[in-house]
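Every heavy atom of this structure was used, including side-chain atoms; hydrogens, water molecules and symmetry mates were not.
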Amino acid sequence: MLRFITMRLATTMVQLAGLALVVFFAIRALPADPVARLVGLNASQDAYLSSQKALGLDRPVLTQLGAYLGVIPGSSGLLQGDFGHSWVTGSPVAEEIARVLPITLELITVSFVIA
């Protein structure tokens, strides 16, 4: 039984790592420019570059991945439970998730009962 649980946990960790990589690279594959969306289309070049630096998008992709995962010293990321800040509201994403999670769980429960 212990071996089964260990294998399941190992499989889960590999799947979560794969999911994190897919999400990271899928976001970068989008045709939209997040910096241009954040500062607006009429922003100056200085505003664009400073926002790009603030978001860390001026660094190499592997460095961005390390910061996203939280494996670079001095950075917080997914492994530390830091999901970042919302571009829309500016609040931490973890707070946004905590705010809507009870409603989501309620919908899942009601759907399960109906099914």
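Under the side chain to side chain contact (heavy atoms under 4.5 Å, CB included) criterion, Ala36 pairs with Asp33, Tyr48, not counting sequence neighbours. With sequence neighbours left out, the side chain to side chain contact (heavy atoms under 4.5 Å, CB included) criterion links Ala47 to Ala43, Ser44. Glu96 meets the salt bridge (charged side-chain N to carboxylate O under 4.0 Å, His left out) test with Arg99; sequence neighbours excluded.
Leu79 and Leu19 fall within the same hydrophobic cluster, where Ile, Leu, Val, Met, Phe, Trp and Tyr residues are linked whenever their side-chain heavy atoms come under 4.5 Å apart, directly or through other members. Following chains of ILVMFWY side-chain contacts shorter than 4.5 Å, one can reach Leu49 starting from Val39, so the two form part of one hydrophobic cluster. Placement of Leu16 and Val71 in two distinct hydrophobic clusters is found when ILVMFWY residues are connected by side-chain heavy-atom separations under 4.5 Å, directly or transitively. Val100 and Phe83 fall into different hydrophobic clusters, where Ile, Leu, Val, Met, Phe, Trp and Tyr side chains are chained together by heavy-atom contacts under 4.5 Å.
Nearest heavy atom pair, residue Asp82 against residue Gly84, reads OD1-N, 3.0 Å. A pairwise comparison of heavy atoms in Asp58 and Lys53 identifies OD2-CG, 3.6 Å as the closest pair. When every heavy atom of Ala67 is checked against every heavy atom of Ile72, the shortest pair comes out as N-CD1, 3.6 Å.
Not a single donor-acceptor pair under 3.5 Å links the side chain of Thr63 to the backbone N or O of Arg59. With hydrogens and angles disregarded, a donor-acceptor distance shorter than 3.5 Å links the side chain of Gln80 to the backbone of Gly70.
Taking CG of Leu69 as the reference point, atom CD of Gln64 lies at 12.0 Å (rounded to 0.5 Å). Between Gln45 atom CD and Ser50 atom OG the span is 10.0 Å, to the nearest 0.5 Å.
By the neighbour-count criterion of 12 heavy atoms within 6.0 Å, atom CG of Leu41 is sparsely surrounded, having that number or fewer from other residues, nucleotides or ligands.
Sequence neighbours left out, not one pair with a member in residues 95-115 passes ring pair (Phe, Tyr, Trp, His ring centres under 6.0 Å). Note on residues 14-39: pairs passing ring pair (Phe, Tyr, Trp, His ring centres under 6.0 Å), not counting sequence neighbours, are Phe24-Tyr68. Within the structure, the side-chain hydrogen bond (donor to acceptor under 3.5 Å, both in side chains) test picks out no pair touching residues 3-12 (sequence neighbours left out).
Contact of the Leu38 side chain with the Leu55 side chain is registered, since non-hydrogen atoms from C-beta on lie closer than 4.5 Å. Here the side chains of Leu65 and Leu21 are in contact, with some heavy-atom distance below 4.5 Å.
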Where do Arg28 and Leu57 land on the side-chain contact (heavy atoms from CB on, under 4.5 Å) test, with the steps shown first?
-> CA-CA 10 Å; Arg28 267 122 193 100; Leu57 297 175; 3.9 Å; yes
